[in-house]
Structure formats: structure tokens, C-alpha cells
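Read through the structure below, which is laid out as C-alpha cells, and then see the notes.
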Amino acid sequence: WVSSWEVAMDSTTFVGIDVSKNQLDIALHPSGRTWTCANEPSGFATLIPQLQTCTPLLIVLEATGGLERPLAARLS
């Protein structure tokens with residue numbers, strides 16, 4: 001027996017985003033792909049379509065004194 005969670009885990013991407021004042025550092029698991037973009041609306045405009053193509057199950061943002069809030073709002 002295989003649960004739907006286990007099936008999802010076999011073909012799922014997880015995203016981690018390290019947030020700083022000027023930059024976002026993005027990492028995908030399990031592919032290992034990494035890249036950076038600006039922590040501003042123009043950076044979000046390039047980041048979000050890239051994330052949509054990999055249909056991540058989970059996106060984790062570092063909580064950085066509120067610097068993550070604009071991106072979190074755009075992702076939601």
C-alpha cells in the first residue's frame with residue numbers, strides 16, 4: 001500500500017528561500033538547483049513564474065524581521 005503523500009513525495013519539489021534586505025537565495029530540492037534574485041517586485045516577477053513551472057509542494061521562507069513579508073504576500 002502506498003499513500004498519496006508517498007506518491008507526492010516521489011515527484012515533488014520543495015523550495016527554500018533565504019531572505020536578505022537586497023537579495024533572495026532560492027534552492028530547490030531534490031534537484032539542487034539554486035539561483036538568486038532581487039528582494040523587490042522586479043525580482044518577484046521573475047521568481048514566481050519559475051516556481052510555477054516546478055509546481056512545488058512546499059515553499060519555506062526564512063523569517064527575517066519582516067523582510068520576507070512582501071514576497072510571502074505575492075506568493076500567496
Side-chain angles (χ1 to χ4, degrees):
W1 180 78
V2 177
S3 71
S4 59
W5 175 254
E6 290 170 311
V7 170
M9 293 295 290
D10 285 341
S11 60
T12 301
T13 298
F14 296 90
V15 179
I17 302 176
D18 182 58
V19 179
S20 67
K21 182 178 180 180
N22 297 316
Q23 179 173 298
L24 303 170
D25 296 313
I26 302 98
L28 304 183
H29 178 77
S31 74
R33 179 177 174 221
T34 62
W35 74 97
T36 62
C37 67
N39 188 7
E40 60 182 36
S42 65
F44 307 160
T46 58
L47 172 62
I48 291 170
Q50 291 180 39
L51 294 179
Q52 289 172 329
T53 63
C54 65
T55 60
L57 177 66
L58 181 67
I59 300 173
V60 178
L61 296 172
E62 174 191 23
T64 312
L67 295 174
E68 74 286 352
R69 290 180 184 162
L71 176 59
R74 292 289 297 270
L75 290 170
S76 67

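This structure is a prediction, so every number in the text was calculated from the model and none was measured. Numbers here are sequence positions counted from 1.
- Both I48 and L67 belong to a common hydrophobic cluster when Ile, Leu, Val, Met, Phe, Trp and Tyr are linked at side-chain heavy-atom distances under 4.5 angstrom.
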In residues 69-76, what donor-acceptor pairs under 3.5 Å come from side-chain atoms, sequence neighbours left out?
from: S76; atom 1: OG; to: A72; atom 2: O; distance (Å): 3.4
from: S76; atom 1: OG; to: A73; atom 2: O; distance (Å): 2.9

Which atom pairs, donor and acceptor, lie under 3.5 Å between side-chain atoms of residues 14-32 and protein residues at least two apart or in another chain?
from: S20; atom 1: OG; to: Q23; atom 2: N; distance (Å): 3.3
from: S20; atom 1: OG; to: Q23; atom 2: O; distance (Å): 2.9
from: Q23; atom 1: NE2; to: D25; atom 2: OD1; distance (Å): 2.7
from: S31; atom 1: OG; to: R33; atom 2: N; distance (Å): 3.2

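- Although no hydrogens or angles enter the test, the distance criterion places a donor-acceptor pair under 3.5 Å between the side chain of E68 and the main chain of G66.
- Taking CZ from F44 and CG from L51, the interatomic distance works out to 11.5 Å, rounded to the nearest 0.5 Å.
- With hydrophobic clusters built from ILVMFWY side chains whose heavy atoms lie under 4.5 angstrom apart, L61 does not share a cluster with L57.
- C37 and G43 get closest at one heavy-atom pair: SG-O, 3.8 Å.
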